[in-house]
Amino acid sequence: DDVLVEVAEQATLTLLASAGYSVSNDTKTATVQIADNEPVLSVTAPVDGTSEGGDSGVFMISRADGDDTSSPVTVKFKLAGTAKLNVDYRLQVAGSGQFVTNTVVIEGGSQSVVLLVIPIDDKLVEPTESVILTLLPSKSFGLAPGFTAATVQLADNEPTVIMGAKTPKASEAGVPGQFTVSRGSSNTSGDLKVLFTRAGTATFGKDYVLRLADNSLLGSTFVTIPDGQESVTIAVDPINDALAEVTESVVLTLLASKEYKVENLTKSATVSLFDDEPTVSITTNSNISENGGTETFTISRGVGNTTGNLT
């Protein structure tokens with residue numbers, strides 16, 4: 001009983017003729033078949049997908065059904081794929097707490113060994129990455145055709161931040177607009193600093209200011225979504241001047257970051273600023289002639305704000 005993988009072999013004995021006996025052609029030869037008993041191994045991925053902050057992916061390295069399980073088998077493997085060991089994930093022997101890199105043992109009495117692919121939850125935006133485990137050939141076991149490699153996919157869990165206009169209309173008459181900055185994810189752990197730009201036809205500090213929920217002024221171009229909170233609101237407070245103006249716009253646009261993702265359809269929102277200066281009109285009721293009579297012109301503010309003198 002060696003520890004070499006071999007094809008089925010045979011041993012043949014043939015009698016030789018001698019002066020003291022005779023041999024028959026039909027019975028002078030006998031053959032014994034010798035089968036190999038080294039195991040045939042395979043690898044599969046019963047749980048072939050996982051994500052940062054989620055459950056583990058799973059590789060399983062198994063002996064073939066019917067293989068002798070009395071002795072341990074040391075298995076060497078290589079790791080490949082776009083994910084990096086100990087950067088994006090760790091590989092742990094299930095039930096033992098042992099972390100491995102390229103070797104694992106199927107213990108005596110066991111049909112298989114399970115390796116857990118444990119994602120490392122970082123704060124970086126990444127595409128879905130792959131872990132590929134490939135069994136390496138050995139003289140002490142064979143490899144099942146078609147089951148020498150398996151793959152587990154690692155998905156990212158960084159949020160896709162969304163900019164929305166909860167109240168898209170504001171007015172100098174004292175009606176604020178409102179933007180909402182949302183994580184776009186059920187994962188609300190940790191503070192999240194979100195960057196944005198200001199644009200539009202309205203001028204910051206002249207036509208409007210921005211305020212947070214605690215009524216503090218927001219002069220910077222970033223906002224922090226606190227730990228445990230899904231979103232924050234940014235109020236747009238128009239500055240009520242005495243100038244007649246067309247309707248103006250405030251546009252906030254999210255900037256990309258290593259800590260979150262943005263998508264073109266949800267990275268910008270607009271709040272419109274409406275003026276409250278009156279539309280003045282002049283009217284008269286009839287015509288007069290040089291033969292006499294008088295008529296009155298009426299100058300009106302229009303419907304709306306009548307506060308203060310208007311020259």
Side-chain angles (χ1 to χ4, degrees), residues 51-54 82 121-129 154-277 279 304:
S51 65
E52 294 179 6
T82 54
D121 192 0
D122 55 29
K123 296 297 182 183
L124 300 176
V125 173
E126 302 165 299
T128 296
E129 299 173 305
L154 303 184
D156 199 27
N157 71 338
E158 268 51 67
T160 299
V161 177
I162 297 170
M163 177 70 76
K166 185 176 181 180
T167 306
K169 295 180 180 180
S171 168
E172 289 184 5
V175 180
Q178 193 174 76
F179 290 103
T180 303
V181 183
S182 307
R183 294 181 191 258
S185 168
S186 59
N187 180 12
T188 61
S189 61
D191 290 349
L192 183 63
K193 182 179 179 179
V194 180
L195 311 177
F196 62 88
T197 61
R198 296 185 298 255
T201 56
T203 301
F204 177 72
K206 178 182 177 182
D207 297 309
Y208 70 98
V209 295
L210 300 178
R211 294 183 185 275
L212 296 175
D214 62 2
N215 209 37
S216 61
L217 288 172
L218 178 62
S220 60
T221 52
F222 70 87
V223 67
T224 299
I225 304 177
D227 178 34
Q229 194 166 310
E230 194 274 333
S231 64
V232 294
T233 57
I234 301 174
V236 182
D237 282 351
I239 296 174
N240 192 3
D241 55 27
L243 300 174
E245 302 166 297
V246 297
T247 299
E248 298 173 304
S249 61
V250 180
V251 181
L252 298 189
T253 300
L254 297 172
L255 296 177
S257 167
K258 291 181 179 180
E259 296 185 5
Y260 59 83
K261 294 170 277 190
V262 296
E263 296 182 352
N264 287 336
L265 292 178
T266 54
K267 71 178 183 180
S268 294
T270 301
V271 168
S272 297
L273 303 187
F274 291 87
D275 199 28
D276 72 337
E277 270 55 65
T279 299

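No hydrogens, no waters, no symmetry mates; every other heavy atom, side chains included, goes into these values.
Taking both residues in full, the closest heavy atoms of Val236 and Phe179 are given as CG2-CE1, 3.4 Å, listed atom of the first, atom of the second, then distance. Pro238 approaches Pro176 most closely through the heavy-atom pair CD-CA, 4.3 Å. When all heavy atoms of Glu158 and Lys261 are compared, the pair lying nearest together is O-CE, 3.1 Å. Of all heavy-atom pairs between Ser272 and Thr247, the closest is CB-CG2, 4.1 Å. Contact record, Phe196 with Phe222: CE2-N, 3.5 Å, taken as the closest heavy-atom pair.
At least one side-chain heavy atom of Pro226 sits under 4.5 Å from a side-chain heavy atom of Asp191. Side-chain atoms of Gln178 and Val271, non-hydrogen and from C-beta on, never get closer than 4.5 Å to each other. When side chains are defined from C-beta on, Leu265 does not count as touching Glu263, because their heavy atoms never get closer than 4.5 Å. At least one side-chain heavy atom of Leu195 sits under 4.5 Å from a side-chain heavy atom of Tyr260. With contacts defined as side-chain heavy-atom distances shorter than 4.5 Å, the pair Lys258/Val125 does not qualify. Within the 4.5 Å cutoff, the side chain of Leu254 has heavy atoms near those of the Val194 side chain. Considering only heavy atoms from C-beta on, Leu252 comes within 4.5 Å of Arg198 through its side chain. With contacts defined as side-chain heavy-atom distances shorter than 4.5 Å, the pair Leu210/Phe204 qualifies.
Note: Tyr208 OH to Thr203 OG1 = 8.0 Å, rounded to the nearest 0.5 Å. Rounding to the nearest 0.5 Å gives a distance of 4.5 Å between CD of Glu52 and CG of Asp122. The distance from the CG atom of Asp237 to the CD atom of Glu172 is 12.0 Å, given to the nearest 0.5 Å. Atom CG of Asp207 sits about 11.5 Å away from atom CG of Asn240, to the nearest 0.5 Å. The distance from the CG atom of Leu192 to the CG atom of Asp227 is 10.5 Å, given to the nearest 0.5 Å. If you take CG on Asp156 and OG1 on Thr128, they are separated by 7.5 Å, rounding to the nearest 0.5 Å.
Remark: side-chain polar atoms of Ser249 are paired, donor with acceptor, to backbone N or O of Thr201 under 3.5 angstrom. When atom types are taken as modelled, the side chain of Thr224 and the backbone of Lys193 share no donor-acceptor pair closer than 3.5 angstrom.
Residues satisfying the side chain to side chain contact (heavy atoms under 4.5 Å, CB included) test with Ala173, not counting sequence neighbours, are Ser171, Asp276.
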